[in-house]
Visitor: 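Before I ask anything, let me first share the structure, which is written out below as structure tokens.
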2 protein chains.
Amino acid sequence: MNEAITHLKVPMELEDDRSVCLGPDGSVAHVTRTLEIIGGRWKLPILFRLFEKASMRTSQLLRDIPGISQKMLTQHLRELEVDGLVMRHDYQEKPPRVEYELAASGRDLMPVLMAMRDFSRRHPQG
Amino acid sequence: MNEAITHLKVPMELEDDRSVCLGPDGSVAHVTRTLEIIGGRWKLPILFRLFEKASMRTSQLLRDIPGISQKMLTQHLRELEVDGLVMRHDYQEKPPRVEYELAASGRDLMPVLMAMRDFSRRHPQG
DNA sequence: CAGCATCCCTCTGGATACTG
DNA sequence: CAGTATCCAGAGGGATGCTG
């Protein structure tokens, strides 16, 4: 799964080329990777929500994020889970009860997001 | 112009809602703004290139970034210029001679990109 | 309540050809 | 050399209905 963002994804054949030509550290590839992880339409709202509230049920997220649909919520939560940012807890109850919380990687990501937020603040668009 | 990334763009009607519901600081909106700026398929290669080489001609960029097309190079350079990350210098010569360099905002962005790079390094994908 | 399956529309980006 | 104009394929995401 984890269908990454198309226009950000690096075609297999070019990946090495780009790493090489753009620094031996592969900076571009790594930044691209981070972009792919947070690049979904609702990824940021979900992450910030879980950052504020620690643990949340699916229905809570659905209510607290205006405009998101069931489908997109589940889909993005899956991707975030696969990418290791979010942990899913299924309590195996009836009716279903599932909760999500930020994993360690997810918490580590927050300072990066804060840096991105601060950049935008320091550079208001023209 | 500056046609932003669709799946990242916040519909007008929801912009306020999201800012409110996701913290009074509008974190999500700001991070989204930064994402939009760097979200194009070739934005990162271009930025890193200009970060390394200071000033470059169009043809140099075209040669140094494997896989990019004339169209996308120009298009992304325009967007980066509009967003204030890149400065364009047209020397008004014949044949044409145009050079690009990072603007102050572009240089300010680099530490943020480094943070994103480091995050990816610290969290290798599964 | 939580999640999956479809259909459909929009937009990005690639390929190509042309201008000054 | 630098840039523009078309055409087109593919992916992301919205709307809706169904399942356990």
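Residue numbers start from 1 in every chain, and the chains themselves are labelled A, B, ... in the order their sequence lines are given, proteins ahead of strands.
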Visitor: What contact category does Arg63(B) fall into here, base, sugar-phosphate, or nothing, at under 4.0 angstrom with non-hydrogen atoms?
Guide: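 No contact.
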Visitor: Thr58(A) has a side chain; which of dG13(C), dG13(D), dA2(C) sits nearest to it?
Guide: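 Of dG13(C), dG13(D), dA2(C), dA2(C) is nearest to the side chain of Thr58(A).
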Visitor: For Tyr91(B) and dG20(C), give me the distance from atom OH to atom C1', rounded to whole Å.
Guide: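 So the two atoms are 21 Å apart, to the nearest Å.
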Visitor: OG1/Thr58(A) to CE/Met56(A) distance, rounded to the nearest 0.5 angstrom?
Guide: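 Taking OG1 in Thr58(A) and CE in Met56(A), the distance rounds to 10.0 Å.
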Visitor: Round to a whole Å and report the spacing from CD of Gln75(A) to P of dT6(C).
Guide: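 Result: 15 Å.
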Visitor: Roughly how many Å is it from CE in Met56(B) to C1' in dA2(D), rounded to a whole number?
Guide: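 Going from CE in Met56(B) over to C1' in dA2(D) covers 15 Å.
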Visitor: Let me know the distance between CG of Leu61(A) and C1' of dC1(C), rounded to the nearest Å.
Guide: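 It works out to 13 Å between those atoms.
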Visitor: Whether Ser69(B) contacts dT16(C) is assessed here as follows: a side-chain N or O lying under 4.0 Å from the phosphate OP1 or OP2. Is that the case?
Guide: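 No, because none of the side-chain N or O atoms of Ser69(B) sits under 4.0 Å from OP1 or OP2 of dT16(C).
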Visitor: Starting at CD of Gln92(B) and ending at C1' of dG20(C), how long is that distance when rounded to a whole Å?
Guide: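 Rounding to the nearest Å, CD of Gln92(B) and C1' of dG20(C) are 13 Å apart.
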Visitor: Which sits closer to the 5' end of DNA chain D, Gln70(A) or Lys94(A), going by the nucleotide each is nearest to?
Guide: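 This one resolves to Gln70(A).
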Visitor: Taking only N and O in the side chain of Arg41(B), is any of them less than 4.0 Å away from OP1 or OP2 of dG14(C)?
Guide: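 Answer yes for this pair, as a side-chain N or O of Arg41(B) is under 4.0 Å from OP1 or OP2.
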Visitor: Using only side-chain N and O atoms of Arg57(B), determine if any of them is under 4.0 Å from OP1 or OP2 of dA2(D).
Guide: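 Yes, within the criterion.
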Visitor: Given dG12(D), is OP1 or OP2 found less than 4.0 Å from the side-chain N or O atoms of Trp42(A)?
Guide: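 Answer is no, no contact under 4.0 Å.
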Visitor: In whole Å, what is the span from the CD atom of Glu93(A) to the C1' atom of dC1(C)?
Guide: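 Roughly 11 Å, once rounded to whole Å.
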Visitor: Can you see which heavy atom on Ile37(B) is nearest to which on Leu80(B), and at what distance?
Guide: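 It is O-CD2, 4.0 Å.
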Visitor: Indicate the atoms forming the closest heavy-atom contact of His76(B) with Trp42(B), along with that distance.
Guide: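 Closest approach of His76(B) to Trp42(B), heavy atoms only: CE1-N, 3.3 Å.
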Visitor: Separation of Leu62(B) atom CG from dC1(D) atom P, in whole Å?
Guide: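 Between P of dC1(D) and CG of Leu62(B): 9 Å.
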Visitor: Is it true that Asp83(A) and Arg33(A) have a side-chain N and a carboxylate O under 4.0 angstrom from each other?
Guide: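 Salt bridge between Asp83(A) and Arg33(A), a charged N being under 4.0 Å from a carboxylate O: yes.
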Visitor: Within less than 4.0 Å of OP1 or OP2 of dG13(D), is there a side-chain N or O belonging to His76(A)?
Guide: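 So the side-chain polar atoms of His76(A) do come within 4.0 Å of the phosphate oxygens OP1 or OP2 of dG13(D), strictly under.
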Visitor: Give a yes/no answer on whether the side chain of Thr74(B) brings an N or O atom under 4.0 Å of OP1 or OP2 in dT4(D).
Guide: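 False: Thr74(B) side-chain N/O out of range (4.0 Å or more) of dT4(D) OP1/OP2.
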Visitor: Between dG13(D), dA2(D), dC1(C), spot the one nearest the side chain of Pro96(A), thanks.
Guide: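 Between dG13(D), dA2(D), dC1(C), the one nearest the side chain of Pro96(A) would be dC1(C).
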Visitor: Rounded to the Å, how far apart are His89(B) NE2 and dC1(D) C1'?
Guide: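 Distance, rounded to whole Å: 18 Å.
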Visitor: Choose from dG14(C), dA2(C), dC7(C) the nucleotide whose nearest atom is closest to any side-chain atom of Lys71(A).
Guide: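 Among dG14(C), dA2(C), dC7(C), the one nearest the side chain of Lys71(A) is dC7(C).
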Visitor: Check His30(A) against Ser120(B) and note the closest heavy-atom contact, atom names and distance.
Guide: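 The answer is CD2-OG, 3.0 Å.
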